Amino acid sequence: MVARTGAEETALGYEQARDELIEVVRRLEAGGTTLEESLALWERGEELAKVCRHWLEGARARLDASLAAERPEGSPAGADGSGDE
């Protein structure tokens, strides 16, 4: 396991972080690792989950901003009848 800095973490794309997280979970579920290795994998998984969450929150904010820009002025959020929000 290679430790990465915060700048390296933000350079990871969503798909890269997700794929590495899947591999970390697979290795943890398979077992056969030492306690130290398991802890390192768990810590890496937590870092990767944060990266994924950051990307998803950013995507949600962009979608919300785009939808808000399309909404007529004075129209409340969710007034499109979708029941969302």
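Atoms considered below: every heavy atom in the structure, side chains included; atoms not considered: hydrogens, waters and symmetry mates. Because the structure is predicted, anything quoted here is derived from the model rather than measured.
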CA sep, side-chain torsions, deciding dist, call: Arg60, Leu56, side-chain contact (heavy atoms from CB on, under 4.5 Å): CA-CA 6 Å; Arg60 180 62 188 193; Leu56 292 172; over 6 Å; no
Verdict with supporting geometry, Lys50 and Glu47, salt bridge (Lys or Arg N to Asp or Glu O under 4.0 Å): CA-CA 5 Å; Lys50 286 179 189 175; Glu47 293 169 6; over 6 Å; no
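In this structure, CD on Glu23 lies 9.0 Å from CG on Leu41, to the nearest 0.5 angstrom. Separation of atoms CG (Leu21) and CD (Gln16) is listed at 13.5 Å; rounding is to 0.5 Å. For the atom pair CG (Leu48) and OH (Tyr14), the distance works out to 11.5 Å, reported to the nearest 0.5 Å.
A donor-acceptor distance shorter than 3.5 angstrom exists from the side chain of Trp55 to the backbone of Leu12, with no hydrogens or angles considered.
Residues Arg44 and Glu20 are in side-chain contact: their nearest non-hydrogen atoms beyond the backbone lie under 4.5 Å apart.
Cluster note: Leu39 groups with Leu35 through ILVMFWY side-chain heavy atoms spaced under 4.5 Å, whether in direct contact or through intervening members.
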